[in-house]
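Predicted, not measured: the structure shown is a model, and the values here were computed from it. These values consider heavy atoms only, across backbone and side chains, with no hydrogens, waters or symmetry-generated copies. Residue numbers begin at 1 in each chain, while the letters A, B, ... track the order of the sequences.
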Amino acid sequence: MIAEDMAAGRSGGRLMTRFPPEPNGYLHIGHAKSICLNFGLAAEFGGLCNFRFDDTNPAKEEVEYVESIESDVRWLGFDWDDRLYYASDYFERLYDYAGQLIKEGKAYVCDLTADQIREYRGTLTAPGKASPYRDRSVEENLDLFRRMRAGEFGDGSRVLRAKIDMASGNINMRDPVMYRIKKEAHHRTGDRWCIYPMYDYAHGISDSIEGVTHSLCTMEYEDHRPLYDWFLDELKIYHPQQIEFARLNLSYTVLSKRRLLKLVNEKHVNGWNDPRMPTLAGMRRRGYTPEAIRNFCERIGVGKKESLVDLALLEYCLREDLNKHALRVMGVLRPLKVVIDNYPEGGEEYLDAVNNPEDPGAGTRKVPFSRELYIEREDFMEDPPKQFFRLAPGREVRLRYAYFIKCESVVRDERTGEVMELHCTYDPATRGGDSPDGRKVKATLHWVSAPHSLEAEVRLYNTLFTKENPNDTEEGRDFTDYLNPKSLEVLTDCRLEPGLKDARAGAGYQFERMGYFCVDSVDSAPGKPVFNRTVTLKDEWAKLQKAGKK
RNA sequence: UGGGGCGUCGACAAGCGGCAAGUCAGCAGAUUUUGGAUCUGCCAUUCCCAGGUUCGAAUCCUGGCGCCCCAGCCA
């Protein structure tokens with residue numbers, strides 16, 4: 001949309017973008033949209049994209065954040081070579097430019113308090129009035145600004161303001177603050193500075209210094225564009241073009257650093273990289289792939305319209321990628337014991353299983369089979385409705401890659417009546433899963449051999465919020481009121497194929513018929529993996545059940 | 001009674017005066033040793049509304065309506 005327009009040969013055919021995060025939080029999927037846009041556009045038109053930290057507010061910024069941000073962008077698959085910049089690298093030049101504006105009578109030091117400045121600014125409908133300090137002499141302003149830098153004044157006692165128009169309909173133009181005094185150590189410049197430039201002043205100049213041609217930002221900065229332009233024009237320096245686009249909103253989650261920080265601080269989640277978080281760190285731990293996220297960003301498009309993208313689209317992109325690449329494996333989440341009565345006691349054999357039907361190159365593996373197995377509890381029903389194809393008393397089904405088995409009897413807990421165990425018989429002629437006599441079976445079940453199985457913990461995730469748009473709060477409520485109590489379910493008695501014992505952290509698999517899972521990179525121990533459910537498989541049966549309940 | 005922006009299918013989104021792409025979701029069917037994957041077909045006579053210009057408008061004009069953002073010494 002904006003892209004063709006750019007390629008039209010303006011800016012001398014040169015294209016330079018930048019991704020300018022503030023290191024005050026972790027990156028989330030909304031940032032991924034911006035990253036893909038900026039780096040993607042540059043790559044598409046033979047340009048470059050710089051990586052610049054917008055670190056002009058030491059009070060909120062930390063090195064932990066700069067490190068996570070860098071690694072997240074790299075993980076997403078983008079590279080900035082040696083073009084890693086910091087707005088703080090430009091502090092000296094920014095200071096000089098401010099001096100230039102003062103000399104030209106376009107900026108002044110103001111002694112009003114923050115509250116007074118607010119009062120003088122006026123309201124949305126009423127114009128502001130001039131600060132009594134607006135007409136200080138150039139000399140006095142220069143002297144005061146120099147002394148601000150020298151640390152002679154206390155925090156918040158004075159600011160440097162641009163002299164623009166106190167009556168402007170655009171509040172950003174009512175003599176905006178350019179510098180404030182903050183005696184706070186900066187994560188990079190230490191205590192070299194005690195005055196720090198504001199975003200509006202620093203951003204455009206930073207873009208200009210770097211020769212950025214297209215400065216892409218989100219819609220809320222549209223009102224700031226006249227100011228962006230004003231500084232550059234008054235300074236008569238290279239003038240990049242600011243273009244705005246709508247930020248991403250995703251259903252059933254929140255995408256703002258302020259809200260995500262609140263979730264972390266109030267312990268609604270276990271940190272920024274909690275697999276339920278829409279942060280890149282959380283998604284990575286959950287098992288999302290960079291490829292899936294990039295594809296998603298590609299598909300949602302870029303425009304100026306506020307939108308709420310369906311989570312289903314993200315999950316579609318995820319499954320699309322995982323389906324092609326994830327190795328198949330069998331894992332029983334809620335085990336139900338099955339004894340094959342006519343299988344030799346103590347017998348054991350290894351059956352061939354395909355690793356990935358979508359990729360013949362992935363090969364095959366051997367899975368152990370024996371007299372005692374586990375199947376999924378939900379794959380058996382004593383009194384099944386007609387739409388249920390799976391195991392039931394007297395019914396025959398196929399065990400994937402193994403045999404046809406038939407349920408002969410059910411063992412129940414005398415007291416609770418709960419089904420404890422199934423007794424089945426198998427047909428030796430169906431080894432591998434095909435029946436020589438051509439008889440059909442309506443379902444294929446995954447299973448695992450009980451004595452060979454690996455016990456593991458599996459964590460099932462659901463949406464963090466129960467409301468499609470948690471930002472859309474009713475009177476007196478907060479987005480945290482819509483947190484989903486079932487966003488995490490921990491299963492501790494899962495039985496997996498033994499081959500998974502040494503699965504490496506982060507590795508993703510498809511547990512056949514159950515979904516995609518990956519080895520948790522934080523809580524897994526050698527030989528004792530913990531799996532995170534990345535996303536379920538599409539499930540016709542679940543859909544039928546849901547429809548039936550309604 | 002200020003300034004800025006946006007309004008095309010349930011959700012995204014093309015379209016830029018010539019007669020509504022595509023994707024997700026949904027529905028129906030084929031196929032299947034994952035009720036997975038795959039494949040087919042269906043899903044906006046209509047583009048926020050009302051006028052106007054035109055042979056012809058989602059696209060141009062006028063007037064409404066609705067939604068979002070802005071009063072940090074945050075970014």
Side-chain angles (χ1 to χ4, degrees), chain A residues 1 20-22 24 54-57 59-61 110 112-115 117-119 121-128 155-161 167-174 176-182 195-196 198-200 202-203 217-226 244 246 251 257-258 296 298-317 319-320 323-324 328 330 353-354 357-358 387-390 398-402 404 430 432-435 441-446 468 510-515 536-544:
Chain A
M1 180 173 174
E22 184 193 10
N24 66 343
D54 223 333
D55 55 351
T56 56
N57 184 2
K60 292 187 175 175
E61 297 154 7
C110 180
L112 255 24
T113 64
D115 286 340
I117 286 185
R118 189 176 311 120
E119 274 176 48
R121 189 156 34 220
T123 68
L124 292 178
T125 50
D155 276 19
S157 60
R158 283 177 227 262
V159 293
L160 180 70
R161 295 227 254 166
S168 172
N170 183 342
I171 289 177
N172 295 304
M173 301 299 271
R174 320 239 260 229
V177 172
M178 294 166 61
Y179 271 91
R180 73 287 211 184
I181 300 171
K182 241 185 222 294
I195 56 171
Y196 292 93
M198 299 286 290
Y199 166 87
D200 285 308
H203 200 85
C217 61
T218 47
M219 293 302 287
E220 63 269 29
Y221 291 104
E222 195 142 31
D223 284 348
H224 297 242
R225 192 172 59 213
E244 306 81 17
S251 58
K257 281 197 264 190
R258 198 201 103 234
F296 172 72
E298 191 70 34
R299 283 181 210 237
I300 55 175
V302 183
K304 286 174 178 283
K305 185 176 70 173
E306 175 178 83
S307 61
L308 180 65
V309 177
D310 196 340
L311 210 218
L313 180 59
L314 210 212
E315 295 191 331
Y316 171 85
C317 293
R319 292 191 186 103
E320 179 181 52
N323 176 48
K324 278 187 291 222
R328 270 60 168 178
M330 291 194 284
V354 174
E358 304 295 320
Q387 285 170 318
F388 186 85
F389 303 154
R390 282 108 97 145
R398 169 170 42 234
L399 291 182
R400 180 145 234 230
Y401 301 125
F404 281 15
T430 57
D434 282 311
S435 60
V441 97
K442 294 208 47 177
T444 299
L445 271 38
H446 62 278
E468 184 165 30
Q510 183 195 109
F511 289 5
E512 295 214 32
R513 305 205 309 132
M514 301 308 286
T536 59
L537 248 19
K538 272 172 71 174
D539 191 343
E540 284 297 320
W541 168 237
K543 206 191 278 180
L544 281 173

Tell me, with the steps shown, if A:Arg328 and A:Glu358 meet side-chain contact (heavy atoms from CB on, under 4.5 Å).
CA-CA 10 Å; A:Arg328 270 60 168 178; A:Glu358 304 295 320; 3.8 Å; yes
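- Remark: the separation of the C1' atoms in B:G4 and B:G41 is 46 Å, to the nearest Å.
- Comparing the P positions of B:A11 and B:C39 gives a spacing of 26 Å, expressed to the nearest Å.
- Of the nucleotides present, B:G22 is the one that pairs with B:C12 by Watson-Crick or G-U wobble criteria, both distances under 3.5 Å.
- Only the C1' atoms considered, B:G3 is 37 Å distant from B:A21, to the nearest whole Å.
- In this view, A:Ile300 and A:Lys33, A:Leu248, A:Phe296, A:Val309, A:Leu313 satisfy the side chain to side chain contact (heavy atoms under 4.5 Å, CB included) rule, not counting sequence neighbours.
- Salt bridge annotation for A:Arg225-A:Glu244: present, with a cationic side-chain nitrogen under 4.0 angstrom from a carboxylate oxygen.
- With both ends at atom P, the span from B:U54 to B:G15 equals 28 Å, rounded to whole Å.
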Does the protein touch nucleotides 70-75 of chain B at the base, only the backbone, or not at all? Give it as B, S and - per nucleotide, heavy atoms under 4.0 Å.
BBSBSB
Polar pairs (N or O, both sides) under 3.5 Å between protein and nucleotides 5-9 of chain B?
from	atom 1	to	atom 2	distance (Å)
B:U8	OP2	A:Lys305	NZ	2.9

Would A:Arg398 and A:Thr444 count as a side-chain hydrogen bond (donor to acceptor under 3.5 Å, both in side chains) here? Give the steps.
CA-CA 5 Å; A:Arg398 169 170 42 234; A:Thr444 299; 3.1 Å; yes
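- RNA chain B is contacted by both A:Ala312 and A:Gly433; A:Ala312 maps to the nucleotide lying nearer its 5′ end (nearest heavy atom per residue).
- Under the Watson-Crick or G-U wobble criterion, with both distances below 3.5 Å, B:C67 is paired with B:G5.
- Side-chain atoms of A:Thr430 come within 3.5 Å of backbone atoms of A:Phe404 as a donor-acceptor pair (strictly under, hydrogens ignored).
- For the atom pair OH (A:Tyr401) and CG (A:Asp434), the distance works out to 11.5 Å, reported to the nearest 0.5 Å.
- Classification of A:Glu222 and A:Lys304 as a salt-bridged pair holds, one side-chain N sitting under 4.0 Å from a carboxylate O.
- Contacts of A:Glu306 classified as salt bridge (Lys or Arg N to Asp or Glu O under 4.0 Å), with partners at least two apart in sequence or in another chain: none.
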Dump every N/O contact between nucleotides 36-39 of chain B and the protein below 3.5 Å, one line per pair.
from	atom 1	to	atom 2	distance (Å)
B:G36	N2	A:Glu358	OE2	2.8
B:A37	O2'	A:Asn323	ND2	3.2
B:A37	O2'	A:Glu358	OE1	3.3
B:A37	O2'	A:Glu358	OE2	3.1

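- Using a 4.0 Å heavy-atom distance criterion, A:Lys324 is classed as making no nucleic acid contact.
- Taking atom C1' on both B:A71 and B:G66, the two are 24 Å apart, rounded to the nearest angstrom.
- For B:G35, there is no paired nucleotide, since no Watson-Crick or G-U wobble pair has both relevant distances below 3.5 Å.
- The C1' atoms of B:G64 and B:G26 are separated by 35 Å, rounded to the nearest whole Å.
- A donor-acceptor pair is defined here as one N or O able to donate and one able to accept, closer than 3.5 Å; such a pair exists between the side chain of A:Arg319 and the backbone of A:Thr536.
- Annotation: B:G5 and B:U45 have their P atoms spaced 32 Å apart (nearest Å).
- Residues A:Lys182 and A:Asn57 form a side-chain contact, since some pair of their non-hydrogen atoms from C-beta on lies under 4.5 Å apart.
- At least one side-chain heavy atom of A:Ile117 sits less than 4.5 Å from a side-chain heavy atom of A:Val159.
- Using N1 to N3 plus N6-O4 or O6-N4 for Watson-Crick, or N1-O2 and O6-N3 for G-U wobble, each under 3.5 Å, B:U40 pairs with B:A28.
- Using Watson-Crick or G-U wobble geometry with both donor-acceptor distances under 3.5 Å, B:C60 finds its partner in B:G52.
- Across all strands, A:Gln387 comes closer than 4.0 Å to base atoms (heavy-atom distances).
- A donor-acceptor pair under 3.5 Å is formed between the side chain of A:Ser251 and the backbone N or O of A:Leu311.
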Listing time: all N or O pairs from protein to nucleotides 41-43 of chain B that are below 3.5 Å?
none

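- Atom CD of A:Glu298 has 12 or fewer neighbouring heavy atoms from other residues, nucleotides or ligands inside a 6.0 Å radius.
- Rounded to a whole Å, the NE2 atom of A:His446 is 18 Å from the C1' atom of B:U32.
- Among the protein residues, A:Tyr401 comes within range of the nucleic acid bases, having at least one heavy atom under 4.0 Å from a base atom.
- Between the side chain of A:Asn170 and the backbone N or O of A:Asp223, at least one donor-acceptor pair lies under 3.5 Å.
- When atom types are taken as modelled, the side chain of A:Lys60 and the backbone of A:Glu22 share no donor-acceptor pair closer than 3.5 angstrom.
- For the P atom pair drawn from B:C48 and B:U8, the interatomic distance equals 6 Å after rounding to whole Å.
- In this structure, A:Ser168 and A:Leu314 both approach RNA chain B, and ranking their closest nucleotides by distance from the 5' end singles out A:Ser168.
- For B:G10, the glycosidic angle deviates from 0 by more than 90°, giving an anti base.
- Among the protein residues, A:Phe388 comes within range of the nucleic acid bases, having at least one heavy atom under 4.0 Å from a base atom.
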